[in-house]
Amino acid sequence: MPKKKEVLLKIRNLKIQGYSDEQWVDIIKGVDLTLHRGEVMGLIGESGAGKSTIGAGAMGYARDGTRISEGSIEFDGMELTTATEAERRALRGSRIAYVAQSAAASFNPAHKIIDQHTEGPLQYRLQKRMEAQEDAMDLYERLRLPNPKEIGFRYPHQVSGGQLQRAMTAMAMSCRPDLIIFDEPTTALDVTTQIEVLAAIRDIVEQFNTAAIYITHDLAVVAQMADTIKVLLKGSEVEEASTEEMLSNPKEEYTKSLWAVRSFESPQKHRPKDGVPLISVKNVDASYSAGPKILNDVSFDIYAGMTVAVVGESGSGKSTTARCITGLLPPSKGEILFKGTPFPPDYRNRSKDQLRQCQMIYQMADTALNPKVRISEIIGRPAAFYSGLRGAALKNRVDELLDLIELEPSQYYNRYPPELSGGQKQRIGIARALAAEPTFIVCDEVTSALDQLVAEGILRLLDRLQDELDLAYMFITHDLATVRSIADEVVVMQHGRVVEQGPKDEMFTPPHDPYTDLLLSSVPEMDPNWLTTLLEERGVDNIGDAATAKL
Amino acid sequence: MSYFVIGYYALLLAVSCLAAFYNRRSVFLLAFSLTLVSFVLGIVGGVGALKAVAICAGLLGLTAMVSYAFREFLIALAPIETAKELRTAPLTAAFGMFVIFTYAIAGIFAPWIAPFGEAEVISSAFAPADENMLLGADQLGRDMFSRLVFGARNSVGLALTATIAAFVLGAGAGLLAATKGGWFDQFMGRFADVIMSIPSLIFALLMLSIFGPTTPVIIIAVAIIYAPRVFRLTRAVAGNVVVMDYIEAAKLRGEGTGYLIRREILPNSMAPLIAEFGLEFCFVFLLVAGLSFLGLGIQPPTADWGSMVRENATLISFGDITPLIPAAAIALLTVGVNFVVDWMLHRSSGLKE
C-alpha cells in the first residue's frame with residue numbers, strides 16, 4: 001500500500017505513570033510510535049499491556065490517576081506534552097477522534113444520536129446545524145446503516161449494538177479528523193455483528209484517508225484492519241512490522257506464542273453406545289415472569305465426561321438454558337433429567353446432593369468471587385458445606401484444590417480476590433466448582449473476558465481436569481475458536497431454539513444449517529485478505545444483521 | 001503604631017512575597033488577600049481587630065498542628081493495613097478523630113477526670129469561674145466543668161446506644177428484605193414508610209409522655225425513629241450486592257439466609273453503613289439533646305448537655321457564655337464526627353480528585 005507520506009503522529013520514548021500503593025509506577029516504559037497520514041496501525045497485547053493508555057496518550061490525554069512523565073508526543077508538528085490544556089482540547093474531536101469500546105455506554109442515553117453527532121461540528125463552528133445533519137446522514141449511508149435519513153433521530157437505546165458502534169464511528173468522522181483512535185470497537189459485539197462494523201470502519205477510513213490507531217486483543221481482527229502491527233507487552237514494545245510480515249514471519253518469542261494460541265485442540269470424544277445421559281434437557285420452554293418465551297422447545301443431552309458447547313449470539317438463550325439446568329429459572333414446560341431421573345425444577349427444592357452435582361463457572365470472575373472473603377474460605381466453604389470437612393482435613397482439601405488449578409497453596413491461601421489477576425481469579429472460580437466434587441459443570445463464557453494466552457491456559461486446565469475427574473461440561477460461548485479447541489459436541493442456538501446439534505467434526509464440515517454457516521463464516525481468520533474475500537463472495541449486504549434478518 | 005501592628009504586616013507581606021517567589025499560587029493568594037483585608041480591618045477596627053485575626057490564625061494553626069500530630073501518632077501505632085488507610089485521611093478527618101478520641105477519654109474516665117461529683121453542690125448559684133471551678137457554677141452551684149465531663153458519658157453514651165439499636169433494627173431488616181425479596185420486602189418497605197410518615201419529634205414526645213422519660217424508653221423511641229432510614233439505605237446497598245454472581249453461586253450451593261447475609265452480603269455493604277452510622281449518630285445526638293432541652297430527656301440531677309443548656313439559659317440575658325459551653329461541646333462533636341464521616345464517604349464512594 002503506497003501510503004508512506006508525511007508523518008502525522010510521532011511518539012518518542014513515551015513514559016506514562018500510574019498512581020498505586022502511594023507511589024508512581026511506570027505503566028508505559030518508553031514506547032516509540034510513528035504514524036503516517038492515512039495509515040492504520042494495530043496495537044495488540046494482553047490487558048494491562050498499556051494499549052488503551054497509549055491510545056489516550058496519542059491525544060495528549062492522561063486518564064485519572066495517570067500522568068505523562070517523560071517523552072514527546074508530536075501531532076502534525078505540534079508538541080502535545082507541553083501544549084496547554086486549551087490547545088489540546090481544540091484538537092480533540094476536531095482533528096483527533098476517539099471511538100470507545102462500548103458504544104452503548106459511551107452515548108448519552110438522554111440525547112438523540114444525531115444531536116450528539118453534530119455537537120462536534122457545531123462546537124468548532126465548522127458547519128451549520130442543518131449542514132451537519134445532512135453530513136451525518138451521508139456518513140450513515142456510507143457506513144451502510146439502515147434508514148440513514150431517519151436513524152439519527154432515534155435515541156441510543158432504540159438502536160442495536162452494532163449499529164450504535166457504527167454511529168459512533170460516524171460521529172468520530174463528523175469533523176473529518178486526521179486521526180481516529182479505535183479502542184477495541186468490536187470486542188463487545190457478536191461475531192456476526194462484528195464483521196459489519198469491521199467492514200464499515202475499514203471502508204470509511206479508506207474513503208477519507210484518515211490515519212487510525214486500532215487497539216484490540218484479537219489478532220484476527222487486527223490482521224483485517226491494520227497496515228502495520230505493533231505488539232505490546234507490559235508497557236514496552238515487543239516488535240513492529242507490516243501486517244503481512246508480522247503474520248508470516250514474527251521474530252520475537254512472545255509474538256510467536258500469541259500466534260500459536262489457537263493451536264490447542266483436545267481430542268474429540270464420542271458418546272457411549274448405550275448409556276443414560278448425565279444431563280438431559282427435554283423440550284424445555286422458559287420465560288422470565290410474564291415476558292415472552294426465551295426458550296422454545298430446547299432439547300439436548302450431555303453425557304458423562306463429555307463437553308457440549310452451546311453457541312449462538314447474545315440473546316439466543318444460551319445462558320437461560322444454563323439457568324434452567326441449575327434451577328435458577330424453573331422451566332415453564334419440559335424437564336431436566338439427571339441420569340434419567342427428573343431434577344426438581346427449582347433449586348430450592350433440590351437436595352444437597354443434587355445441588356452438589358451441578359456447579360457453575362462464571363464469565364466475570366470479578367463478580368463471581370466475593371471480594372471480601374479469603375481464597376481459603378471461597379474454596380473451603382463448598383468443601384465444608386457438602387463434605388463436612390473441618391480443621392486440618394479442610395486445609396488439606398483446599399491445598400489439594402489449589403494444586404489442582406496450578407496455584408501455589410501457601411502463596412494464595414490467605415489472599416483476597418482483588419489481589420489476583422483475571423486468569424488467577426478464573427482459576428479460583430474453577431476450584432470453587434471442583435470443591436463440591438460435581439459431575440457436571442456449566443461454564444458460562446469462562447474465557448471471553450480473558451486474554452488469549454490466559455484463556456488458552458484455562459482451556460487446557462479444564463481439559464486436563466475433565467480427563468482426571470471425569471467431568472461433563474456445558475460450555476456456553478460465542479467464540480467458535482474455543483468450540484473448536486475443547487468441544488466434543490456442539491449445540492447451535494438462535495432465538496431460543498436449537499438450530500442444529502451434533503458431534504464437533506460433523507458440525508465443522510458442510511453442509512450446515514444456514515445460520516450455522518453464517519456463524520462459522522463470520523469468525524475472523526488470520527489471513528489479512530479474509531475480510532476482503534468474504535465481502536467479495538457475499539456482497540456488503542449479506543453480512544451481519546442483514547444476513548441474519550434474511551434467514 | 002505598635003510593634004505588634006508592624007510585625008503583623010511585615011510577617012504577612014513576607015509570606016506573600018516568599019509564596020509568590022516560590023510559585024505557590026494558593027498560598028500567595030491567601031496571604032496577600034489577608035494582607036489587603038487587614039489594611040481595611042486595621043483602619044476600621046484598630047489594633048484590637050488585628051489581634052483578633054492573629055489569635056484566630058494562631059488557633060487554626062494550633063488545631064492543624066494537633067490534627068497533624070494526632071494523625072502521625074495513629075499511623076505510628078496502627079497496624080500496616082490500617083496505617084495505609086489513615087495516611088489518606090485529610091487534616092479535617094484527623095481533627096475529627098482527635099475530638100472523638102478526647103470525648104471518649106472524657107466519657108470513660110469521667111469520675112477520675114472530674115474534680116467534683118455531677119450532683120455535688122459546692123458553691124453559690126451561677127458563681128463565676130475561680131481556681132477551684134474552671135468554668136464556674138451552674139444554677140444550683142454545681143461545678144460546670146465536672147458536669148460537662150459527666151455529660152460526655154451520659155449524653156454520648158445514650159446517643160451511641162440508641163444509634164446502635166437503630167442500626168441493629170434497620171440494617172437487620174434491610175439485609176433480610178434485600179435477600180428475601182418479594183412480599184416480605186414490600187411489607188418491610190411499607191412499614192418503614194409508615195414510621196417515617198410520623199414526625200419524629202412528635203413521635204418521641206408521645207412515646208416519652210406515655211411510658212415516662214426513662215433511659216430505656218428514650219433509647220427504644222429513638223431507635224424506632226431512626227431505624228427506617230437505616231433500613232432504606234441498607235436495602236439499597238444490599239440490593240446491589242445480591243445480584244452479584246457470587247451470591248448466586250452461594251444460593252446454588254444451598255446456603256441458608258443467615259450465611260448469605262453474614263458472610264456474603266454484609267462485608268460488601270459495610271463501608272456505606274459505617275459512614276451512615278456517623279451521620280445518624282449526629283442526628284440522634286441532636287435529637288436526644290433536643291429532648292433534654294424540652295425536659296423529656298435524661299432527668300436531673302444526671303448531667304446532660306441538652307438540659308445543661310436549658311437550665312443555664314437565663315444567664316444568656318446577662319451576657320454570660322456559660323450556657324453556650326455545653327452547646328459548643330455538642331457542636332464540636334457533631335462537626336468532628338462529620339469530618340470523619342466525610343472522609344469515609346469519600347473513600348467508600350471511590351471518588352478521586
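Reminder, nothing fancy here: chain letters follow the sequence lines and each chain counts from 1.
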S.K.: Answer with side chain, backbone, both or neither: which region of A:R432 has an atom nearer than 4.5 Å to a non-hydrogen atom of chain B?
M.R.: side chain

S.K.: Counting a contact as any heavy-atom pair under 4.5 Å apart, which residues of residues 243-257 of chain B contact chain A?
M.R.: B:M244, B:D245, B:Y246, B:E248, B:A249, B:K251, B:L252, B:R253, B:G254, B:E255

S.K.: Please classify the contact of A:A436 with chain B as side chain, backbone, both or neither, using a heavy-atom distance under 4.5 Å.
M.R.: neither

S.K.: What residue, out of A:I378, A:L369, A:N370, A:T367, has the most heavy-atom pairs lying under 4.5 Å from chain B?
M.R.: A:N370

S.K.: Are more than 12 heavy atoms, taken from residues, nucleotides or ligands other than B:F283, located less than 6.0 Å from that residue's CZ atom?
M.R.: no

S.K.: Below 4.5 Å, heavy-atom pairs only: which of A:V373, A:T326, A:L328 has the largest tally toward chain B?
M.R.: A:L328

S.K.: Please classify the contact between A:E377 and chain B as side chain, backbone, both or neither, with a heavy-atom cut-off of under 4.5 Å.
M.R.: side chain

S.K.: If you look at every heavy atom in A:K372 and B:N268, which pair is closest and at what distance?
M.R.: CG-OD1, 3.2 Å

S.K.: With a sphere of 6.0 Å drawn around CZ of B:F184, does it hold more than 12 non-hydrogen atoms of other residues, nucleotides or ligands?
M.R.: yes

S.K.: More than 12 foreign heavy atoms under 6.0 Å from CZ of A:R348: is that the case here?
M.R.: no

S.K.: Answer yes or no: does atom CZ of A:R427 have more than 12 heavy-atom neighbours from other residues, nucleotides or ligands under 6.0 Å?
M.R.: yes

S.K.: So with a 6.0 Å cut-off around NZ of B:K180, is the heavy-atom count from everything else above 12?
M.R.: no

S.K.: Sequence neighbours left out, what passes side chain to side chain donor-acceptor pair (under 3.5 Å) with A:R390? Give chain and number order.
M.R.: none

